[in-house]
2 protein chains.
Amino acid sequence: MSRSLDGTDWRILSELQEDGRLSFNQLGRKVNLSAPATADRVRRLEEAGVIAGYQARIDAAHAGLPLTAFVKLRCSPGRCLLRTTASDEFPEVVEIHKLSGSSCTLLRVRAASMPHLEEIFERIGRHGEIDTQIVLSTQYEGRPVTEPPTENRSAERSPGWSRGTRPDGA
Amino acid sequence: MSRSLDGTDWRILSELQEDGRLSFNQLGRKVNLSAPATADRVRRLEEAGVIAGYQARIDAAHAGLPLTAFVKLRCSPGRCLLRTTASDEFPEVVEIHKLSGSSCTLLRVRAASMPHLEEIFERIGRHGEIDTQIVLSTQYEGRPVTEPPTENRSAERSPGWSRGTRPDGA
DNA sequence: GTTGAAATCGTCTAAGG
DNA sequence: CCTTAGACGATTTCAAC
């Protein structure tokens, strides 16, 4: 396991979340480092799994998918097919979270139109009891992950569950 | 307004969501286009707002923020300070959605530890009535936005609200 | 971690179909 | 609207300090 991230690492992460296409030269200037040193740190962050990849951010509204909704799905253990077949059967589901309590699953879906959204709900509804919530607007999303306050970071050293089971893995 | 996206555009978007650092050359090979033609299309998608930017994808768990929670916040209209001050006061809030019904707001927060999460809840709770839900695990998130089925796309031409008010803008 | 230099790669422009 | 070819510019990478 790699050691904790220092301030420079966080500055690099911050810049790379704002513009993932920065060259090592440009990035280095922003964090007061030379290009090779910057490249080393980025490579290390990639290998440590902190940087999971680089991707274009798509504005779904401009891409013909203006509707977003959250769906709470309560399915019986054996029937929760979403885990395995989501990729093929539910392309509109862009996120799947398992929540605490009531064996609940939270889905986030994108749709092109109200009929489309309705059809998605109907399809998901076959897998369990659902509770839907339509998003009117989004103030922001994908906000850069930033360095947590020091007093909370110290709790990182806490036992077991925070490291091993990886509650929110990619 | 630009016209609708064709199949090649969607293939480009798909590839760029998987690897946002592809060169026009590499990308062109994947979609059977030359580099200049690919550059033209990408530039057009950028200017149309479909591609909103490029960013590094951070694995929050590996970055010391293993906990994720959703917070439903029901705040009185005048006291909903989250809109303006979120950036400074709530760095842990990575998403803000306005939901239909009950003047509800859905927040997504990331935390380093349980005490940290508890402290965040307490801080948000000062702005209204909250209902919290902790994420146990995430099957996936940030799934690439894909081309919607044709029968649903046709509904894009529906009136007013789907274009003008942009329910899910970046 | 820094500096400097060389090699590589990508981008851009232009001409042509 | 796409393709090919060439030149320019930039980045990455290696070496040495």
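When reading the values below, keep in mind they use all heavy atoms of this one structure, side chains included, and skip hydrogens, waters and symmetry mates. Everything numeric here is computed off the predicted structure, so don't read it as measured data. In what follows, every chain begins at residue 1, and chains take the letters A, B, ... in the order their sequences are listed.
- The nearest whole Å value for the distance from the CZ atom in A:Arg41 to the C1' atom in D:dT13 is 19 Å.
- A:Leu22 has its CG atom 11 Å from the P atom of D:dT11, to the nearest Å.
- B:Arg43 has its CZ atom 14 Å from the P atom of D:dC2, to the nearest Å.
- Residue A:Glu46 contributes atom CD, which lies 14 Å from atom C1' of D:dT12 at whole-angstrom precision.
- Within 4.0 Å of B:Ser34, counting heavy atoms only, lies at least one base atom of the nucleic acid.
- Taking the centre of each ring, A:Phe121 and A:His116 stay at or above the 6.0 Å mark.
- Within the nucleic acid shown, B:Arg44 has no heavy atom closer than 4.0 Å to any nucleic acid atom.
- The nearest whole Å value for the distance from the CZ atom in B:Phe24 to the P atom in D:dA10 is 16 Å.
- When DNA chain C is scanned in the 5' to 3' direction for atoms under 4.0 Å from non-hydrogen atoms of chain B, the outermost contacting nucleotides are C:dG10 to C:dT13.
- Rounded to an integer number of Å, the gap from A:Leu27 CG to D:dA10 P is 18 Å.
- Side-chain N or O atoms of A:Glu15 include none that pairs as donor or acceptor with a backbone N or O of A:Ile12 at under 3.5 Å.
- Between A:Arg11 and A:Glu147 there is no salt bridge, since no side-chain N of the basic residue sits under 4.0 Å from a carboxylate O of the acidic one.
- Checked against a 6.0 Å centroid threshold, the rings of A:His97 and A:Phe70 do not count as neighbours.
- Of the candidate nucleotides D:dC14, D:dT11, D:dC2, D:dC14 has the atom lying nearest to any side-chain atom of A:Pro36.
- Counting only heavy atoms from C-beta outward, the side chains of A:Glu118 and A:Arg123 never approach each other to under 4.5 Å.
- The pair A:Asp6-A:Arg41 meets the salt-bridge criterion, with a side-chain N (NZ, NE, NH1 or NH2) lying under 4.0 Å from an Asp/Glu carboxylate O.
- Heavy-atom distances to DNA chain C give each of A:Asn32 and A:Arg21 a nearest nucleotide, and the one nearer the 5′ end belongs to A:Asn32.
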